[in-house]
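Letters go in sequence order (proteins before strands), and every chain restarts at 1.
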Amino acid sequence: MFLKFKDEVSSILSRAVKKAGFDTDDLALSESPHADLASSVGFKMAPKYKKSPKEISEKIYKNIAIQADSYVARAEMAGPYINFFMSRTFLNETVLRVLLDRENFGNLDNKGKIILEHTSANPDGPLHIGHIRNSVIGDTLARILKRAGYDVETQYYINDMGRQIAVVVWGLENFQFDSTKKKDHAIAEVYINANKSLVDEKEHSPEVDAIMKKYEAGEPEIEGKFKNAIDTCMEGIKESLARMNIHHDKFIWESQFVRTGEVTEIMDQVKALDRCELKDGAMMVDLKDMGIQKSLVIQRSDGTSLYTTRDLSYHNWKDSQCDRMIDILGADHKLISSQLKAVLRILGHKEPHIVIFEFVSLPEGSMSTRRGVFISADELIDEVEKAAFEVVDKKLPDKDVEFKKKVAAFVSIGAVRYDIIRISPEKATVFDWKEAVDFEKQGAPFIQYAHARACSIIKNAKEEGILFENFDPNVLLEVQEIALIKKLSVFERVIDDASRELKPNLLAIYARELADSFNQFYRFVPVLSAEPVEFRAARLALVDCSRIVLANALDTLGIIAPESM
RNA sequence: GGGCUCGUGGCUUAGCUUGGAUAUAGCGCCGGGCUUCUAACCCGGAUGUCGAGGGUUCGAAUCCCUCCGGGCCCGCCA
């Protein structure tokens with residue numbers, strides 16, 4: 001709804017600009033604490049027309065014409081600014097729209113297929129707290145893009161040809177696999193032991209090299225061993241992801257591109273370029289003219305492929321089946337991904353949009369699966385859930401254990417997801433246990449609680465026989481009511497911004513603000529006991545609207561919207 | 001050393017792409033509010049040289065330059 005309001009303001013303003021005898025393509029509209037939309041066109045046009053901003057604004061203002069049934073109530077001059085306000089018609093229609101569109105409220109009608117790759121952690125151990133920053137950003141973005149109308153397919157790229165998986169395969173033959181542990185954790189144990197042994201006893205290193213070579217050659221026996229190792233680890237990883245409400249549509253093994261010959265194909269394409277040269281037997285691509293000083297090696301001197309080469313053909317393959325590619329990658333991929341994009345551009349292929357997120361480190365330093373220095377996602381969720389249970393136990397002493405466990409589960413997943421997504425991806429963070437298990441701060445539980453409150457009112461209304469099939473939205477006049485309706489209307493703009501700029505944290509902020517608006521309404525405006533009685537139906541309708549949009553926002557964040565907690 | 005990136009109250013953080021009206025919010029701190037629809041809530045208060053310096057501009061947290069500090073990368077690893 002907000003976008004319609006904005007469209008209307010734009011056309012009203014641009015007509016006024018034209019009528020005043022000016023010309024501009026920038027109406028300088030922005031949301032502001034002073035208005036629902038504010039324009040600073042005066043400033044923008046002052047240099048061009050050599051008049052004061054105020055003088056220009058006044059001229060434009062005098063030419064503003066607003067129709068009676070418009071979404072725009074009025075325009076006001078405030079110094080050199082022109083402020084626009086939402087009309088009663090707009091507010092009423094917003095309420096009706098939410099009730100009509102329900103779970104689809106806020107959806108946009110963008111078209112096109114997007115393949116979004118996220119997580120793609122090496123299957124050599126469990127997901128740790130750095131990996132799940134990738135997962136949560138990727139999954140939330142996928143949900144936002146779906147709501148924006150796109151056909152989104154999520155993919156997990158399994159790096160099965162790297163040395164670390166060969167180390168796991170070697171490790172499984174030389175070390176005990178602890179089957180009492182969750183499978184990804186048991187794989188990590190083997191991987192850590194194997195790495196330690198490879199460092200201590202260098203003579204084993206050629207054994208790993210041999211395994212890698214056999215796998216690249218496609219030897220059936222070794223392929224079976226890789227498949228077994230990876231499937232084992234992935235089973236654990238998928239379990240952790242599912243616990244966080246994250247599911248991938250496809251899992252793509254990088255070896256498939258070697259097997260089909262697509263890697264050779266793209267290597268030949270690159271090799272045919274003038275910018276390629278053989279250096280000590282390895283094939284290097286010069287990218288200096290693309291602003292990248294480091295040349296990229298696409299083929300080893302023994303003729304085998306490298307990660308980037310395979311990634312090149314993976315992207316080429318993705319390109320053939322979608323309109324747009326988005327990759328979520330850690331900060332360590334900055335250089336390699338810009339090289340990848342540059343080569344794809346040179347070859348005339350589509351480039352992926354890359355969302356880079358900065359590292360999550362521990363107070364003592366960075367994490368490493370290989371060294372066994374990490375906090376796993378499972379451990380994090382377990383601890384947060386334990387803390388959540390204690391809070392639930394204290395707040396709801398009369399409820400049965402099953403209920404408390406259920407609440408602790410969705411509260412903790414919500415808290416973990418929200419704490420990750422609220423921070424801009426480009427910010428490096430240091431993990432803090434105290435922060436992670438803190439339920440006092442305004443996070444997911446705050447939003448979930450607002451939703452549960454709304455549900456509770458509706459439930460009570462039903463029991464008391466209060467209906468809102470027929471209601472008059474014109475009686476929603478309290479400041480908290482108007483602020484709440486405006487907040488509801490803005491949901492689609494948030495989806496629009498977040499999907500265009502690939503900034504999922506915008507949605508996290510919005511959800512919190514919406515819960516905040518609802519809580520203020522809840523505190524100051526009685527619903528079921530409202531007088532006169534006609535107010536009850538209208539307010540109840542507004543509660544239902546809030547419930548719907550809170551649920552939509554939470555769903556888009558991948559967080560459960562509970563009916564009670 | 002080079003490249004990229006981040007630096008906003010005690011702590012965490014929004015805003016920066018597209019410069020504009022008193023810089024966003026949370027935690028913590030101080031004070032207040034449960035016989036009223038779930039107090040995981042609400043209200044009020046204190047706290048800021050937007051890392052430092054320079055520049056562009058009528059106007060800079062936002063753009064440009066220099067410097068300082070943190071992170072990431074710079075391998076025929078992935």
*Answer yes or no: side-chain N or O of A/H451 and base N or O of B/U38 forming a donor-acceptor pair under 3.5 Å.*
no
*asked:* Taking only side-chain N and O atoms of A/S424, does any of them lie within less than 4.0 angstrom of OP1 or OP2 on B/A14?
replied: yes
*Exercise: do A/H333 and A/D327 side chains pair donor with acceptor under 3.5 Å*: no
*May I ask you to verify if any side-chain N or O of A/Q520 is less than 4.0 angstrom from the OP1 or OP2 atom of B/C43?*
yes
*For A/N460 and B/U38, is the shortest distance between a side-chain N/O and OP1 or OP2 below 4.0 Å?*
yes
*Could you tell me the separation between the CG atom of A/D432 and the C1' atom of B/C11, rounded to a whole number of Å?*
10 Å
*How far, in whole Å, is B/C4 from B/U12 if one measures between their C1' atoms?*
25 Å
*Want to settle it: does A/V525 or A/I82 sit nearer the 5' end of RNA chain B, counting the closest nucleotide to each?*
A/I82
*Can you check whether A/K427 has a side-chain N or O nearer than 4.0 Å to OP1 or OP2 of B/G7?*
yes
*Taking the side chain as every heavy atom from C-beta outward, state whether A/M565 and A/K395 have any atom pair closer than 4.5 Å.*
no
*Watson-Crick/G-U partner (both atom distances under 3.5 Å) of B/G2*: B/C73
*Counting just side-chain N and O atoms, does A/N519 come under 4.0 Å of either OP1 or OP2 of B/C42?*
yes
*Does a side-chain heavy-atom distance below 4.5 Å link A/Q339 with A/L335?*
yes
*Contact class for A/M161 (heavy atom, under 4.0 Å): base, sugar-phosphate, or nothing?*
nothing
_Taking the P atom in each of B/C63 and B/G26, what is the distance between them to the nearest angstrom?_
26 Å
*Between A/Y307 and B/A78, is there a side-chain N or O to OP1/OP2 distance below 4.0 Å?*
no
*asked:* Measuring only the C1' atom in each nucleotide, how far is B/A46 from B/G31? A whole number of Å is fine.
replied: 11 Å
*Does any nucleotide pair with B/G48 by Watson-Crick or G-U wobble geometry, both distances under 3.5 Å, and what is it?*
none
*For B/G59 versus B/C68, give the span between their C1' atoms, rounded off to a whole number of Å.*
28 Å
*Looking at B/G20, B/C72, B/C76, which one has an atom nearest to any side-chain atom of A/Y81?*
B/G20
*Indicate whether OP1 or OP2 belonging to B/A14 is found under 4.0 Å from a side-chain N or O atom of A/Y510.*
no
*Kindly say if A/R310 contacts the phosphate of B/A78, meaning a side-chain N or O under 4.0 Å from OP1 or OP2.*
yes
*Rounding to the closest angstrom, what is the interatomic distance between B/C11 and B/G7 at atom C1'?*
15 Å
*Protein-nucleotide distance (A/F410, atom CZ; B/A40, atom P), rounded to Å*: 13 Å
*Should B/C63 form a Watson-Crick or G-U wobble pair with both distances under 3.5 Å, which nucleotide is its partner?*
B/G55
*Mind checking A/I165 for me? I need base, sugar-phosphate or nothing, with any heavy atom below 4.0 Å counting as a touch.*
nothing
*With heavy atoms under 4.0 Å as the rule, sort A/E563 into base, sugar-phosphate or nothing.*
base
*Would you say the side chain of A/F431 lies within less than 4.5 Å of the side chain of A/M367, judging by non-hydrogen atoms?*
no
*A/Y522 has an atom OH; how far is it from atom C1' of B/C42, in whole Å?*
11 Å
*A/N505 side chain to A/S424 side chain, donor-acceptor N/O pair below 3.5 angstrom*: yes
_Can you tell me if A/K395 touches the phosphate of B/A40, counting only side-chain N or O atoms and a distance under 4.0 Å to OP1 or OP2?_
yes
*asked:* Of the options B/U12, B/C77, B/C72, whose atoms approach the side-chain atoms of A/E435 most closely?
replied: B/U12
*Verify the contact: side-chain N or O of A/R300 to OP1 or OP2 of B/C77, cut-off strictly under 4.0 Å; return yes or no.*
yes
_Under a plain distance cut-off of 3.5 Å, with no hydrogens placed, do A/R310 and A/N159 share a side-chain donor-acceptor pair?_
no
*Output yes when at least one side-chain N/O atom of A/R500 is less than 4.0 Å from OP1 or OP2 of B/U17, else no.*
no
*When you check the phosphate oxygens OP1 and OP2 of B/G20, does a side-chain N or O of A/S40 lie under 4.0 Å from one of them?*
no
*So what does A/E501 touch, heavy atoms closer than 4.0 Å: a base, only the sugar-phosphate, or nothing?*
base
